[in-house]
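Take a look at the structure set out below.
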Amino acid sequence: MGGGGSTRRVTFEADENENITVVKGVRLSDSVIDRMKEPSSPGRQPRGSGAVNDEELKKRIAEELALERARRDSEAQKRRLFGKLLERERISSNEHLTRAILRERAATEEERQKAQRFARQLEEKDRELKKHDAYYKEQLARLEERVKPFFSLPMESF
């Protein structure tokens with residue numbers, strides 16, 4: 001990726017403000033253009049003189065394009081990794097939420113069963129109390145019947 005020279009022929013021309021215009025649709029950033037304007041070796045002639053080493057220029061452009069591609073690829077990879085991280089976090093949150101909902105449902109079901117059990121126990125106690133009440137009322141009625149003759153004697157004698 002960018003290690004070898006480009007086989008495409010690219011021509012450049014300078015306008016009156018020394019801005020570089022790219023022909024054949026290749027776009028360069030301002031930083032690339034600025035670096036291309038800087039002399040890289042003492043043997044290089046200034047831009048205005050007209051003598052430009054095409055091979056060196058091609059090499060620099062290829063290097064700059066490779067760096068730009070690497071930067072874009074790196075940013076794209078970071079975005080993909082961040083997207084994957086966000087997706088994992090979303091999945092983890094959903095799993096956590098699902099587990100919490102299941103725990104709550106289980107707790108609710110347990111509470112419902114406990115309430116039903118207490119209701120049955122209460123009904124059983126109520127039936128038992130009614131039995132005891134009926135039994136004691138019956139015993140009281142028997143005792144009253146037994147004691148009635150004892151109370152009637154003193155009344156007759158009075």
Side-chain angles (χ1 to χ4, degrees), residues 1-12 15 17-38 40 55-158:
M1 184 155 100
S6 174
T7 58
R8 190 168 40 170
R9 181 119 176 109
V10 179
T11 57
F12 299 93
D15 61 7
N17 295 334
E18 298 250 350
N19 291 332
I20 296 177
T21 305
V22 179
V23 181
K24 292 190 179 180
V26 176
R27 287 192 258 169
L28 300 174
S29 67
D30 290 336
S31 62
V32 172
I33 293 171
D34 290 340
R35 283 182 285 209
M36 288 172 51
K37 285 182 181 180
E38 295 172 3
S40 62
E55 288 301 315
E56 184 180 331
L57 189 58
K58 286 179 185 179
K59 191 182 217 182
R60 275 187 102 178
I61 290 171
E63 289 173 359
E64 294 295 329
L65 288 174
L67 287 172
E68 186 68 23
R69 278 190 211 119
R71 185 187 61 75
R72 274 189 261 130
D73 290 345
S74 173
E75 287 177 6
Q77 186 177 14
K78 285 178 186 175
R79 282 192 299 274
R80 281 192 305 271
L81 289 174
F82 187 69
K84 287 179 182 179
L85 180 66
L86 285 176
E87 182 66 18
R88 285 182 190 153
E89 186 66 28
R90 185 186 63 77
I91 289 170
S92 174
S93 294
N94 284 345
E95 288 173 355
H96 180 70
L97 183 61
T98 302
R99 283 193 303 267
I101 288 171
L102 290 175
R103 276 194 306 267
E104 284 299 316
R105 283 182 183 164
T108 303
E109 181 63 21
E110 186 178 322
E111 289 293 322
R112 187 184 63 77
Q113 289 175 353
K114 192 186 263 186
Q116 286 178 345
R117 191 171 54 247
F118 286 144
R120 281 193 303 269
Q121 288 175 352
L122 185 61
E123 287 173 1
E124 189 178 313
K125 288 280 186 185
D126 192 39
R127 279 194 303 270
E128 194 175 313
L129 285 173
K130 284 180 182 178
K131 277 185 197 176
H132 286 289
D133 189 42
Y135 173 76
Y136 288 120
K137 281 184 181 178
E138 182 184 322
Q139 292 297 321
L140 185 61
R142 280 188 192 165
L143 284 175
E144 285 177 352
E145 285 298 319
R146 271 190 184 168
V147 178
K148 208 177 207 181
F150 294 113
F151 282 118
S152 63
L153 283 176
M155 289 286 235
E156 289 174 7
S157 64
F158 184 63

Using a strict threshold of under 4.0 Å (side-chain N to carboxylate O), is an ion pair present between Asp133 and Lys137? yes

Is a salt bridge present between Arg71 and Glu68, judged by a nitrogen-to-oxygen distance below 4.0 Å? yes

Between [atom1] of [X] and [atom2] of [Y], what distance do you get to the nearest 0.5 Å?
X	Y	atom1	atom2	result
Glu111	Phe118	CD	CZ	9.0 Å
Thr108	Ile101	OG1	CD1	11.5 Å
Leu86	Leu81	CG	CG	11.0 Å
Glu95	Arg88	CD	CZ	12.5 Å
His132	Lys125	NE2	NZ	8.5 Å
Arg72	Arg79	CZ	CZ	10.5 Å

Is the shortest heavy-atom distance from the side chain of [X] to the side chain of [Y] under 4.5 Å?
X	Y	value
Arg105	Glu109	no
Asn94	Arg90	yes
Glu89	Leu85	no

Any chance CD of Glu75 has more than 12 other-residue heavy atoms, nucleotides or ligands included, within less than 6.0 Å?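 Atom CD in Glu75 is crowded, with more than 12 foreign heavy atoms closer than 6.0 Å.
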
Mind checking what makes side chain to side chain donor-acceptor pair (under 3.5 Å) contact with Arg142, not counting sequence neighbours? Glu138

Please determine whether salt bridge (Lys or Arg N to Asp or Glu O under 4.0 Å) holds for the pair Asp126 and Lys130, giving the CA-CA distance in whole Å, both sets of side-chain angles, and the decisive distance to 0.1 Å. CA-CA 6 Å; Asp126 192 39; Lys130 284 180 182 178; 3.7 Å; yes

Please walk me through it: do Ile61 and Leu57 pass side-chain contact (heavy atoms from CB on, under 4.5 Å)? CA-CA 6 Å; Ile61 290 171; Leu57 189 58; 4.0 Å; yes

